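Accompanying notes for the structure given below.
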Amino acid sequence: MTDAPRRTRRSSGRITLDDVARAASVSPITVSRALRGERGVDPVLTLRVREAAERLGYVPDPAARALASQRSSQVLVLVPMLSNTLFVDLLEAVHRTLFPVGYQPFIGVTHYDSAEEELLLRTYLPHRPAGLLVTGFDRSEAARQLIAHSGVPCVHLMETSTAPGVACVGFSQVDAGAAVTRHLLERGHRRIAFCGAQLDPRVLQRAEGYRRCLREAGLYDARLEMLSPERSSIALGARLFEEMLQRMPDIDAIFFCNDDIAQGGLLAANRLQVPVPGRIAIAGFNDLAGSDQMVPPLTTMRTPRSEVGRAGAEMLLGLMRGTLAQPGCIELDYELIVRGST
């Protein structure tokens, strides 16, 4: 009969690395090296250490490990919200890339508020995360300075930049917005409205692409824009559709800035018995879940959010490990998905 494992004098009673070392009859440094999988440790000792750790229920203390190595394994990821599938897809890809190689994504939600993002940075950067992933480039000067002076490798997601020394992965929101508008023009539509919600920088860039395309065609009319600061939703999309149709009854197409409000617009059209695309064509953006099940199915721009998350995390890994000599910009492709609504 073996004695119960002797614990340290910690008030929490947590099983420590020293407890494992005593149970395996090795030194604490051997335990640490064995659990990290270092090749220099005798395989017999490694097996003994792992069996002891499993028997005792030992869970490594990440704070102690970071203190000992002077390096954290956490990566701070700042996104605007978690209710949008777009950012959930991005975070899934980040997790799948970082976690298997020993890094833990730590998520902060900014709610599209620059002051809240700044508070998150002030709160978590002092903990010295190994890396930082942020959404876009629109932030306060104070937040920019916090990132610049932190010494923490940083990659910007969802947008691109040609500025020297900036690491980013994304696509041109302006060009993608122009591509949706160009598709509507090619279908013969001339009174093309734009309905935007949330009005974050990426939505406004899509709107700029819409404007550029229509100006080049000599068809831009500012009255055909309807921009709402409200959060993007199906209910808002239905309301914007009705308001736009009442205000500008001669429109023949609507480009919605996001699929959820486009879905709301389609539902309102069906309720009001407005033929789509016979009377009004409707297009969305981001190819969110359910868009292919609408009646008619929604034409939309499929954006590479999973690819952005994966490539951004891989770029950050290179910066954290010192294997990426210079930060750079990766511009990914987007794809227009043409369905029955146009």
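Only a predicted model underlies this, so the values are computations on that prediction, with no experimental measurement involved.
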Flag the pair Val75 / Pro129 as yes when at least one side-chain heavy-atom distance between them is below 4.5 Å, and no otherwise.
no
How long is the straight-line distance from CG of Asp292 back to CD1 of Ile337, given to the nearest 0.5 Å?
10.0 Å
For residues Tyr103 and Met320, determine if any side-chain heavy atom of one lies less than 4.5 Å from a side-chain heavy atom of the other.
yes
Evaluate the side-chain contact (heavy atoms from CB on, under 4.5 Å) criterion for residues Leu90 and Leu133: first the C-alpha distance (whole Å), next the side-chain angles of each, then the deciding distance (0.1 Å), finally the verdict.
CA-CA 11 Å; Leu90 185 150; Leu133 293 168; over 6 Å; no
Any heavy-atom pair between the side chains of Leu204 and Leu199 that's under 4.5 Å?
yes
Would you call Val276 and Pro296 a side-chain contact if the rule is heavy atoms closer than 4.5 Å?
yes
Whether the Ser306 and Asp89 side chains hold a donor-acceptor pair (N or O, under 3.5 Å, no angle test) is what I'd like checked.
no
Do Arg50 and Glu54 sit within salt-bridge range, that is, some charged N less than 4.0 Å from a carboxylate O?
no
Heavy-atom side-chain proximity of Gln104 to Phe99 below 4.5 angstrom:
yes
Kindly say whether Val169 contributes a backbone atom to a donor-acceptor pair with the side chain of His156 at under 3.5 angstrom?
no
For the OH atom on Tyr112, are there more than 12 heavy atoms of other groups (residues, nucleotides or ligands in this structure) within a distance under 6.0 Å?
yes
Is Glu141 salt-bridged to Arg144, cutoff N-O under 4.0 Å?
yes
How close do Ala52 and Ala24 get, counting heavy atoms only, and between which atoms?
CB-CB, 4.0 Å
Cluster question for you: counting only ILVMFWY and a side-chain heavy-atom cut-off of under 4.5 Å, with indirect links fine, are Leu86 and Leu78 together?
no
Apply side-chain contact (heavy atoms from CB on, under 4.5 Å) to the pair Met294 and Ser341, showing each step before the final yes or no.
CA-CA 9 Å; Met294 299 299 294; Ser341 68; over 6 Å; no
CD1 (Ile282) and OG1 (Thr299) are apart, to the nearest 0.5 Å, by 10.0 Å
Consider only side-chain N and O atoms of Thr303 and Arg305, and report whether a donor and an acceptor are under 3.5 Å apart.
yes
Using side-chain heavy atoms (C-beta onward) and a distance below 4.5 Å, is Leu219 in contact with Leu185?
yes
Does any non-hydrogen side-chain atom of Thr181 lie less than 4.5 Å from one of Arg212?
no
OH (Tyr334) and CD (Gln173) are apart, to the nearest 0.5 Å, by 10.0 Å
Least distance between heavy atoms, Thr342 atom then His183 atom
OG1-NE2, 2.9 Å
Kindly compute the distance separating CD (Glu159) from SG (Cys329), expressed to the nearest 0.5 Å.
10.5 Å
Between Arg182 and Glu216, does any NZ, NE, NH1 or NH2 come within less than 4.0 Å of an OD or OE carboxylate oxygen?
no
Rounded to the nearest 0.5 Å, what separates atom CG in Leu119 from atom CG in Asp113?
9.5 Å
Quiz question: by atom type and distance under 3.5 Å, do the side chains of Gln263 and Ser291 form a donor-acceptor pair?
yes
Whether the Asn258 and Asn286 side chains hold a donor-acceptor pair (N or O, under 3.5 Å, no angle test) is what I'd like checked.
yes
Which pair of heavy atoms, one from Gly196 and one from Leu240, lies closest together, and at what distance?
O-CD1, 4.3 Å
Does the pair Arg339/Asp287 count as a salt bridge with the N-to-O cut at 4.0 Å?
yes
Considering only NZ, NE, NH1 and NH2 on the basic side and carboxylate oxygens on the acidic side, decide whether Glu243 and Arg239 come within less than 4.0 Å.
yes
Cluster question for you: counting only ILVMFWY and a side-chain heavy-atom cut-off of under 4.5 Å, with indirect links fine, are Ile261 and Met248 together?
yes
Has the side chain of Ser73 got a donor or acceptor atom that lies under 3.5 Å from a matching backbone atom of Ala130?
no
May I have the step-by-step check of side-chain contact (heavy atoms from CB on, under 4.5 Å) for Leu121 and Leu132, ending in yes or no?
CA-CA 10 Å; Leu121 290 168; Leu132 178 62; 4.1 Å; yes
Okay, side chain of Asn270, backbone of Leu267: is any donor-acceptor separation there less than 3.5 Å?
no
Is the Tyr210 ring parallel, tilted or perpendicular to the Tyr220 ring (thresholds 30°, 60°)?
perpendicular
Joint cluster assignment, Ile234 & Val88, ILVMFWY side-chain distance < 4.5 Å:
no
Compare all side-chain heavy atoms of Leu316 with those of Pro153 and state whether any distance is below 4.5 angstrom.
yes
Would you compute the distance between atom CG of Leu56 and atom CZ of Arg22 and round it to the nearest 0.5 angstrom?
10.0 Å
Transitively linked via ILVMFWY side-chain contacts under 4.5 Å: Val77 with Val152?
no
Sidechain N-carboxylate O distance under 4.0 Å for Glu118, Arg139:
no
Shortest non-hydrogen contact between Leu298 and Ala262, atoms and distance
CD2-CB, 3.7 Å
Taking the side chain from Asp259 and the backbone from Leu288, do they hold a donor-acceptor pair closer than 3.5 Å?
yes
If you take all heavy atoms of Pro304 and Leu332, which pair is closest and at what distance?
CG-CB, 3.9 Å
One pair to check against side-chain contact (heavy atoms from CB on, under 4.5 Å): Leu82 and Leu91. What are the steps and the verdict?
CA-CA 9 Å; Leu82 294 178; Leu91 288 170; 3.4 Å; yes
State, to 0.1 Å, how close Ser161 and Phe137 come at their nearest heavy-atom pair, and which atoms those are.
CB-CZ, 3.5 Å
Can any side-chain N or O of Ser32 pair as donor or acceptor with the backbone N or O of Ile29 at less than 3.5 Å?
no
So does Arg191 have more than 12 non-hydrogen atoms from other groups sitting under 6.0 Å from CZ?
yes
Going hydrophobic residue to hydrophobic residue with side-chain gaps under 4.5 angstrom, can you get from Phe87 over to Val109?
yes
Answer yes or no: is there an ion pair linking Arg211 with Glu208, defined by an N-O contact shorter than 4.0 Å?
yes
